[in-house]
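Below you'll find the structure, written out as structure tokens, and then a few comments.
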Amino acid sequence: MNKERKLLIAGNWKMNKTVAEALDLVQGLRRELAGVKEVDILVCPPFTALSEVSRAILDSNIRLGAQNMSENNAGAFTGEVSAAMLREFSVRYVILGHSERRQFQKESDALIAKKALAAHAASLKPIVCVGETLAERESGQAEKIIGAQLKGSLAGLTKAQMEETILAYEPVWAIGTGKTATTQQVQDIHAFIRRTLVSLFDEATARRVRVQYGGSVKPANARELMSQPDVDGALVGGAALEVRSFSDIVKNSI
Ligand code: 13P
């Protein structure tokens with residue numbers, strides 16, 4: 001697939017995989033995906049598996065991401081993990097503002113913006129997630145909601161930082177439900193996201209930012225989704241938990 005931006009296919013393992021299970025998965029992926037250079041491949045295990053997975057993917061084409069981090073650098077923040085701590089395990093990316101954290105941990109756009117700035121300060125690339133609920137889509141508010149999430153979550157980023165930021169469009173109603181947005185719905189929102197980046201930053205910056213799609217991505221729908229002009233990768237949940245399905249998504253995206 002000849003794309004303007006290199007695809008980033010990422011697995012968000014969420015709260016799944018013990019260390020032993022994580023190693024099984026990543027060793028299988030390493031075998032299946034050896035030699036793949038056409039797309040960037042990323043795995044985002046839970047914090048507890050980062051150390052071992054980091055060692056297991058040394059000298060491979062698989063990169064490491066985390067699923068969250070603190071907006072603070074250090075101090076009395078019980079239960080939190082800082083950007084510098086992630087860097088110790090060669091983490092390069094961090095998912096921020098996933099809809100599950102927006103929903104269950106009540107993360108706000110302002111908090112996500114602080115985290116994005118802290119990630120950049122530590123040379124981590126944030127993957128900032130946005131997306132509407134079913135009620136918001138059905139009431140015709142998807143673009144309004146996503147526009148506000150972008151404006152709030154990207155507040156304060158320089159153009160240079162924006163270029164090193166990845167966005168993920170994840171319609172909440174398509175996550176873990178088996179319902180994928182139609183290819184047209186996805187492309188339309190991705191084009192809207194890019195127009196919004198033009199107005200928040202500029203044309204050149206907007207052209208360089210990778211915008212992933214997430215929500216029931218499977219081997220069977222990956223090729224069509226990834227072929228859309230403004231879709232620059234996938235953030236995969238359930239199908240990232242098995243060697244076969246995740247490696248097929250990667251291969252079908254090439
Ligand atoms: P599913 O692929 O399980 O729908 O999850 C998508 C997601 O939330 C990835 O971050």
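Remember, it's 1-based here, ligands and their atoms both numbered in the order they're listed.
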(message) According to ring pair (Phe, Tyr, Trp, His ring centres under 6.0 Å), does anything in residues 168-209 pair up with another residue at least two apart or in another chain? List the pairs.
(response) Tyr169-His190
(message) Please list all pairs meeting ring pair (Phe, Tyr, Trp, His ring centres under 6.0 Å) that have one or both residues in residues 206-231, counting only residues at least two apart or in different chains.
(response) none
(message) Starting from atom 3 (O) of ligand 1, what is the nearest protein heavy atom, named by residue and atom, and what distance separates them?
(response) Gly238 N, 2.8 Å
(message) Check contact between Lys218 and ligand 1, using heavy atoms of the residue and a distance below 4.0 angstrom.
(response) no
(request) Answer yes or no: does atom CZ of Arg195 have more than 12 heavy-atom neighbours from other residues, nucleotides or ligands under 6.0 Å? (result) yes
(message) Which residue is it: Met162, Gln161, Lys125, Lys115? I am looking for the one with a side-chain contact (heavy atoms from CB on, under 4.5 Å) to His120.
(response) Gln161
(message) Tell me the contacting part of Asn12 for ligand 1: side chain, backbone, both, or neither, using a 4.0 Å heavy-atom threshold, strictly below.
(response) side chain
(message) Just by distance, no angles: are the side chains of His98 and Gln67 close enough, under 3.5 Å, to form a donor-acceptor pair?
(response) no
(request) Evaluate the criterion side-chain contact (heavy atoms from CB on, under 4.5 Å) for residue pair Arg208 and Arg5; output intermediate values, then yes/no. (result) CA-CA 7 Å; Arg208 293 193 187 109; Arg5 294 161 290 270; 5.9 Å; no
(message) I want to confirm something. Looking only at heavy atoms, which of Ala240, Gly215, Gly237, Gly214 is nearest to atom 2 (O) of ligand 1?
(response) Gly237
(request) Indicate, as side chain, backbone, both or neither, the part of Ala174 found under 4.0 angstrom from ligand 1 when only non-hydrogen atoms are considered. (result) backbone
(message) With nothing but distance in play, are any N or O atoms of His98 less than 3.5 Å from an N or O of ligand 1?
(response) yes
(request) Would you check whether Gly176 has a nitrogen or oxygen atom less than 3.5 angstrom from a nitrogen or oxygen atom of ligand 1? (result) yes
(message) How far is atom 7 (C) of ligand 1 from the closest protein heavy atom, and which atom is that?
(response) Glu170 OE2, 3.2 Å
